[in-house]
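Reckoned from all heavy atoms, side chains included, excluding hydrogens, waters and symmetry mates. Protein chains get the first letters and strands the later ones, always in sequence-line order, with residue 1 at the start of each.
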Amino acid sequence: MAQVSLNNVQKVYPNGFQALHPTGFEVADGEFVVLVGPSGCGKSTLLRMIAGLEDITDGSLHIGDRVVNHVDPADRDIAMVFQNYALYPHMTVRKNIAYGLQNRKIAKDVIAGKVAEAAEMLNLNDYLDRKPSQLSGGQRQRVAMGRAIVRDPSVFLFDEPLSNLDAKLRNQMRVEIKALQRRLGVTSIYVTHDQVEAMTMADRIIVMNAGRIEQIGTPSEVYHRPASTFVASFMGAPPMNMLPGVAENGAAHLFDLPIADQVAARGEVIVGIRPEDLIPDATGPLAIEVDHIEDLGAHRLLHGALRDARLTVHVSKDVEVAHGPLRVAIKPDAVSVFDVTSGARL
Amino acid sequence: MSDMTNPPRRRLRLGTIMDHAILIIGVLVMVLPLVMLVQMSSIPDTEIIKTGPSLHFGDQLDDNFEKAMFGATGFSGENAGTRMLMNSLILGIGFAVGKIVIGMMAAYAIVYFRLRFATLAFWVIFTTLLLPLEVRILPSYEVVQNLGMVNTYHGLIIPLIASATATFFFRQFFRSVPEELVEAARIDGAGPVRFFIDILVPLSQTMIAAMFIIMFVFGWNQYLWPTMITTEEGMFTLVRGIKQIVQVLEGNRVPEFGRANLLAIIAVVPPVLIVVFFQSWFVKGLTESDK
């Protein structure tokens, strides 16, 4: 059990590419933190630096109360689960799980006990003598988890562990991993590009973009109070509606409609409203022209135009909708205002 | 109805016959010399001198086999067939194993370690393909001679085992091993040696088998180097020794053609057996790139 803390950690590749700008955050003991962002945003690099698979160019990394910048991956007391599982193809499941312990010169009977315990926990008892090639994707992922669990590490690192699974299995494994982590209480850092995984699993989410951290917060904070237009559009499907607005006299206006007060800026701003915060209402202040309806079963997405801006409205399946004009109201306090140039929240 | 279906079938049969004819001709071209060898080792040596190869099979086959395996001529009487067979096996196996071990280790160093000039080192190794033994035979002999390794097994084997071919094949194979395996092993606490032995070698099994076949046959068929380096008859390999048997200097003795011919047949057998038994591995190793 340990906390992880990063202090101005950065990564510059020999060719001068800055994969990670100076970054700092802390992961508390037992916390489940999800690093999320589009591909190439540096989240995997960051995870691999914590694992010790990539050198840290500058800054310091603590695991527990140790600085581990120059500690070998094997001695960092971490375990990692890879996207393609990285199981040793020629070894049985049992050997795969035991391999890390064997290398640490642990007594055979102790290893056997730990492997049995992990296999029990992960429902792998019937597969211990199979080779990885004889397992399904979900089972392979469990073996990879088992390999991490038996080591009894202070930190779990997950590198997009569910990306190779089909959608149904992904949902199931998502729940399993989270439950397992809660049971074991091990500090975990989880990398994904899937915002649903981030929202559902994380105690705290770290949203990254272009080698920088955009926002750190609980799933609810990140969703409801995005720190930038990037976070607002990356988290949530469909993304937040971004509409052109004007700020004056301490308030933000959307097409002459005052929608947010206590805005210090002046001039053009971006007004962000989540699709589900727009409610069809015959007396609503906004007149939308709906031109496309997506029916998703449990709910519907109405795509339309508000003057010359595009937006999406999220309605539950019980609401009667049709193409054509629609008046909507905005849920109180559900509006985010962003700076036009920097995209930062105002 | 039958008129409709027959023509295509007949055409197919004609094609099949053609295919088989070509294959059979190919087989005959390959096998005929061997059949001639068998014929010639079944008749007395004097008859070979008189008539040469013919269609007449004699009754000397077991006699000549006896002579070939256990009989010895020469000055020391140590060049019996069994002895030469053993020497050839030692050369073939030592040559193959040595090349595989060296090639694997060189490829391991080039692929997995961030060496300065690793690529350059690889290409330097690769260009030695342009310098086969025949080109460097004088300096090689000089060195081996000075080290006192003439007429020894290590003198026979070691100068031949540096192998660009094996290094190249193993390099290509190692590059196809997923990066994550290395990383998982690092996190599992496996050092470079552990990783090599526990993971890379087992993964390379099929590749090793394929290399073994190629290299064993290659080593078995070595002629020039053994001829240079072995002067004692007890060190002769089969391929080199057969030649010695037919060379008879004294005027009125008939060369032991039967014995030499039978030894030639025996010399063909081990490489054939190895290829037959390891054939499936061989194809797998050379075609199956990923695990």
For the pair B/D188 and A/Q102, evaluate side chain to side chain contact (heavy atoms under 4.5 Å, CB included) and give the outcome as yes or no after the intermediate values. CA-CA 9 Å; B/D188 269 345; A/Q102 278 170 14; over 6 Å; no
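- Atom CG in A/N103 sits 14.0 Å away from atom CZ in B/R186 (nearest 0.5 Å).
- Residue-environment remark: NZ (A/K95) stays at or below the threshold of 12 foreign heavy atoms within 6.0 Å.
- To the nearest 0.5 Å, atom CG of residue A/D75 and atom CD1 of residue B/I187 are 11.5 Å apart.
- When all heavy atoms are compared, the tightest approach of B/G189 to A/A74 is CA-CB, 3.4 Å.
- Looking only at side-chain heavy atoms (C-beta outward), B/I199 and A/M91 come within less than 4.5 Å of each other.
- Other residues, nucleotides and ligands contribute only 12 or fewer heavy atoms inside 6.0 Å of the CZ atom of B/F278.
- For a residue to count as touching a neighbouring chain, one of its non-hydrogen atoms must lie under 4.5 Å from one of that chain's; by this rule A/L87 touches chain B with the backbone only.
- Using a 4.5 Å cut-off between heavy atoms, A/R48 touches chain B through its side chain atoms alone.
- Counting only distance, with no hydrogens or angles, the side chain of A/H90 and the backbone of B/D198 share a donor-acceptor pair below 3.5 Å.
- The contact between A/Y88 and chain B is made by backbone and side chain atoms together, counting heavy-atom distances below 4.5 Å.
- Shown here is B/R136, whose CZ atom has more than 12 heavy atoms of other residues, nucleotides or ligands within 6.0 Å.
- In B/Y153, the OH atom is crowded: over 12 heavy atoms of neighbouring residues, nucleotides or ligands sit closer than 6.0 Å.
- Applying the 6.0 Å contact sphere to CG of A/D129 captures more than 12 heavy atoms from other residues, nucleotides or ligands.
- At most 12 non-hydrogen atoms from other residues, nucleotides or ligands lie less than 6.0 angstrom from CZ of B/F218.
- By the 4.5 Å heavy-atom criterion applied to side chains, A/Y99 and B/R194 are counted as neighbours.
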